[in-house]
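Remarks on the structure that follows.
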Amino acid sequence: MDSVFHQEPFRGDYYTRRFEPGPDDSTLILNMGPQHPSTHGVLRVVVELEGEYILRAEPVLGYLHRMHEKMGETRSYLQYMPNMGRVDYLHPLAWNHAYVCAVEKLGNIEVPRRAEFIRVITSELNRISSHLLWWGAYLLDLGAFTPIMYAFEERERIQDLLQEPTGSRLTYSFFRPGGVAADLSPEFLQGVREFIPYMRSRLPMYKDLVTDNIILRYRCEEVGELPLDMARRYGASGPVLRASGMAYDVRRAEPYSVYPELEFATPVSQRTDAMGRYKVRLAEIEESLKILEQAVEMIPEGEILVKGAPKPRWKAPAGEVYQAVEGARGKIGVHILSAGSAQPYRIKLRAPGFSNLSLFAELAKGTLLSDAVSILGSLDLVIPEIDR
Amino acid sequence: MQAIRRKLKDITNLWSMVKGLKVTGGQFLKPQVTVHYPRQEVANLASFRGPLQLVAKPKDPAKPKCIACLMCVSVCPSGCLTVLKAKPPKPTPEEEAAARAALEAGEKPAKKPAPKEPSRFIYDYSLCSLCGLCAENCPVGSLSYSENIYLTATDAKAFKLDLLADLRARAGAAPPAGEE
Amino acid sequence: MEATLLDPRMFRIVAAAMALAAFVGLNALVLVYLERKIAGHVQRRPGPFEVGPHGLLQPLADALKLIGKQLFRPAGADALLFWMAPVVSFIPVLPLFLPIPFDPDLVAMHVEPGLLLILAFTGINVLALCMAGWGSNNKWSLLGASRAVAQSVAYEIPLLMALLAVTFMHGSLNLSEIVEAQGAWPWQWNAFIQPVAFIVYFTCAVAETNRAPFDLPEAESELTAGFHTEYSGMGFGLFFLAEYANMIVVCAVATALFLGGWQGPFFSGWWWFLAKTYALLMVIIWFRWTYPRVRFDQLLNINWKWLLPLSMVNLMVTALVMKLF
Amino acid sequence: MTPAWLKGLSALRTEAHQRESTGLAWSVFIGPDQILEAAVRLDGEGYFLEDVSGLDATEGFLVTYHFDHWQRPGRVALRVLLTREAPILPSISGVFGGAEWHERECRDFFGVQFEGNPNPGALLLPADFEIHPLCKEAGERKPLRELLTQGEVIASAEGFDLFAPAEEPAAPPDDAADSGTPEEED
């Protein structure tokens, strides 16, 4: 067997060589991705299979690496805003929020109250839309084609709403250090008020179509059980962690913006499996609706951008700041080190998906290939965020 | 016993399959929700960030408000804007003669200042990330978003938009003399 | 008895085969259109709309595109197996239609053990999937093929048993006779006399034709496209055609055995047969756009732990009842 | 006041921070040989690893480990200063499994080697890529005292002089004047 595929550039790369089968090669080395329908973008997972059981799995990253951290060092504080919309394209406003909060901490900038409420309202709407897309895509992984279309019905409404103040539908660059870029109109607030009961009326349909479905339950229940201790060792956060029974939410643990004034619960599940993660996310949609309900009534009149907000050539004072924010996927961290110039000296982005994916290798061991797909989906991965 | 109870539960749970069919069947009978593009178009574009366009002077719809301060160029994170400042106008023969006379008389000739306007305003839409910094930071509010959302092309060069020409086209004005 | 080319029976078979090929092709096109339209409307979107009025010509355009595409064989694939597989998948579909009675007179070939013929020929399809999976030199295809074999072999048993219960009742393997033995009214149909057999048969039929929620051999979110990952153009087209033709066959058999065939409360005739078959097909399509996919071990568990015992019990009860009364 | 895990750990410098100003609760400088012990102690206390980030400063590479706690939120930054000549550090992936990827990312960006990492190859960059993109040019580097906000110093080891006022010509004078040293922090 010395065909062309067994000679050099075809001999496989670093990863496939590491997975070279041993002397009794009864196992199958399989490359899932980077162009695989259920790896959501360009994740690659090398798996070693015995029949359909996974002996080893290893995610391979870097196919969508854009070096956002280096870009941060070459751009001014304002110019980095569009990058924040593109790290995690499903919940960009959380990244917007983390970044502007970090810059505000660094520069000691006050934010008008109205702007804080605008941030919360748009960010929570964005969280719902992110969970909706996850819901549809997860079911697509499990072989149900229709739910994603229903989820998109709601998601489109959210995007139509968010489009009005932010001007975009996906990669929002809306928050600014010291406030936000545009005010919310009364029509927008009315739209949110109308959206809340509409979204609530759709949730029973989700339950009938999917959550209760016996096939889905058998695909999720007792699949990918993540013990709390393992979640801690890998630094899991967000719904993945909360489904393992820990009520940890950055909005409560490290309060930012006006979240302390709002009433909402932190959904937890003790199931630890994929079904737990599923249920936590659906419950989070309801909690976000509760936040929206309160926020649209509480929003005060006033400025949306503080006077003296950073101008394009603004220089941040020297110093260090770490800001964590609860994104749809978990704990987003922005760590800025400033030397007092117009660009950050170093900016570190902590992506929740990065930690959440790193536990996949251990979680997938010994499961079926179909279960691995289900686990991968239940972690809610956004590859651009993981690769950054 | 546990196993039997589980099996019985599985059987009762089969009803969920019928419920699922009921949902999709119900949706099947409802009207469609998609925007049927060539026949319908979306309308909510008032604040949408489409490709940039220049805002005309209130008095002259073919001239932009732009004062060629290059703020937008410096603030753009993608480097998608190219603005050239206008050169001072060519002196007329009388002015040239007057300048020469002034020079001979040992005085500094009165130079005509360059008009504060751009001579070229090129916008590379293929690079733009639509972050809005240029429009927000323009001191005279000369940039705005267009509603030209169906802009498509098969060649990246087609996205190098000449915003001055675009403004003139919108105003229905002819290109200025001397420009090919 | 020597059959020559001029034998009238030979003529009949050739003519029937041509008519059936046309029938299969036409119905596959209609089904593709139906599937996409139903999927569209279930998902609140129009479905194909641009080619022809309401997208009516879309399947034709798809077929033309498939025919026009280059046939491509991956390096290292077994050429013989690779190219035989789609053909082997499609050819046995035609004989399947021979004994199906659309009407008392509209039968391509009166075969006494017609049911046996159908069961024999449906078994060949799995061979094609196996050949495609093995011959493609692709790991996804191989996994898909191994799933297909396990699934088809397993589900054929309860399927057979369910059918056997019906044939016990009527003491015949001839489809026309079984249809005639049922009455014109729904409560006289076998689906109501043998509901367990009908449910088991229909479930197995969905699994045998690799349709959702049992579409594991091609499970695209797991195995990219399963056994036909490497096929392009008409190689894929034939698999596609065979899948839809098989769907029509299993639904036609269900119509004949369980739903009273061409008989209806009024105006009995082939239109009743077609209407019932299409109703069943639409249910299968409806399933696909509603359910998630089951897992492979669960799929086999459903078969061995539920369907097989159920069909066996059903068979025994049927036999007992037939003996006693 | 001083948490239990910190007691007995021979830290070079311990600072308490205000969450409102820097987002940290503790900033602890330790030597490279201490990191494993510190990780084990934090693991015992129920901390989880948030991230591992590098920094290229005048003095060398500063690797910062951020830990946080679910029930008692308060970010801990463990800082290890490595020389540019031998940026080697023991891996803590045996204690915190999630550290493996963070360490590999740090290796990609700065070239810091983590000894004992089960899989020390490249993570985000190509395997044969030998450029470490976040390393700075010699003239661009800033000393740590200009970058790090100082908190309330709880303890400082003898001879630890990273935050001593600039006297040696490490940074060009105009640079220092441009940025200024942080002094307003408590």
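Just so we're on the same page: letters track the sequence lines, and every chain starts at 1. Since the structure is predicted, the reported quantities are computational estimates derived from the model, not experimental observations.
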With a 4.5 Å cut-off on side-chain heavy atoms, are D:Asp68 and A:Lys331 touching?
yes
Among A:Leu228, A:Asp249, A:Leu106, which residue has the highest count of heavy-atom pairs closer than 4.5 Å to chain D?
A:Leu228
Which class fits the ring pair A:His335 and D:His66: parallel under 30°, tilted 30 to 60°, perpendicular over 60°?
perpendicular
CG-CG distance between A:Leu64 and D:Leu124, expressed to the nearest 0.5 angstrom
10.5 Å
Can you tell which of D:Pro73, D:Ser53, D:Gly23 has the highest number of heavy-atom pairs within less than 4.5 Å of chain A?
D:Ser53
Using the rule given for side-chain contact (heavy atoms from CB on, under 4.5 Å), can you reason through A:Glu73 versus D:Leu134, listing the C-alpha separation, both sets of side-chain angles and the distance that settles it, and then say yes or no?
CA-CA 9 Å; A:Glu73 293 175 12; D:Leu134 289 186; 3.5 Å; yes
Which atoms of D:Gln71 approach chain A - backbone, side chain, both or neither, heavy atom under 4.5 Å
side chain
Do A:Glu58 and D:Asn119 have side chains that approach each other closer than 4.5 Å (heavy atoms only, starting at C-beta)?
yes
From D:Arg75, D:Arg145, D:Arg79, residue fulfilling salt bridge (Lys or Arg N to Asp or Glu O under 4.0 Å) relative to A:Glu320
D:Arg79
Can you tell me how far CE of A:Met246 sits from CH2 of D:Trp70, rounded to the nearest 0.5 angstrom?
5.5 Å
Supply the atom-to-atom distance D:Leu144 CG to A:Leu337 CG, rounded to the nearest 0.5 angstrom.
9.0 Å
Residue-level interface, residues 38-48 of chain D with chain A, non-hydrogen cut-off under 4.5 Å:
D:Asp43, D:Gly46, D:Tyr47, D:Phe48
Which is it for D:Trp101 and A:Leu61 under the side-chain contact (heavy atoms from CB on, under 4.5 Å) test, yes or no, and what are the steps along the way?
CA-CA 10 Å; D:Trp101 282 16; A:Leu61 308 183; 3.6 Å; yes
Of all of A:Ala236, A:Ala253, A:Ala361, which one pairs up most often with chain D through heavy atoms under 4.5 Å apart?
A:Ala253
For A:Arg277, give me all partners under salt bridge (charged side-chain N to carboxylate O under 4.0 Å, His left out), at least two apart in sequence or on another chain.
none
Would you please test D:Glu140 and A:Tyr345 for side-chain contact (heavy atoms from CB on, under 4.5 Å) and show each step?
CA-CA 9 Å; D:Glu140 296 174 346; A:Tyr345 183 78; 5.8 Å; no
Under 6.0 Å from the CZ atom of A:Arg313, do we count more than 12 heavy atoms belonging to anything else shown?
no
Heavy-atom pair of closest approach, residues D:Leu147 and A:Ala339
CD2-CB, 3.6 Å
Chain D-proximal positions within residues 348-360 of chain A [heavy-atom distance under 4.5 Å]
A:Lys348, A:Arg350, A:Phe354, A:Ser355, A:Leu357, A:Ser358
Between the side chains of A:Tyr322 and D:Glu50, is a donor N or O closer than 3.5 angstrom to an acceptor N or O?
yes
Would you check, one step at a time, whether the test side-chain contact (heavy atoms from CB on, under 4.5 Å) holds for A:Met67 with D:Phe109?
CA-CA 9 Å; A:Met67 202 73 234; D:Phe109 292 173; 3.6 Å; yes
Run the salt-bridge test on A:Arg346 and D:Asp56 with the 4.0 Å N-O cut-off and return the result as yes or no.
no
If you check every heavy atom in residues 381-388 of chain A against those of chain D, which residues fall under 4.5 Å?
A:Ile386, A:Asp387, A:Arg388
Toward chain A, the part of D:Leu24 with a non-hydrogen atom under 4.5 Å:
side chain
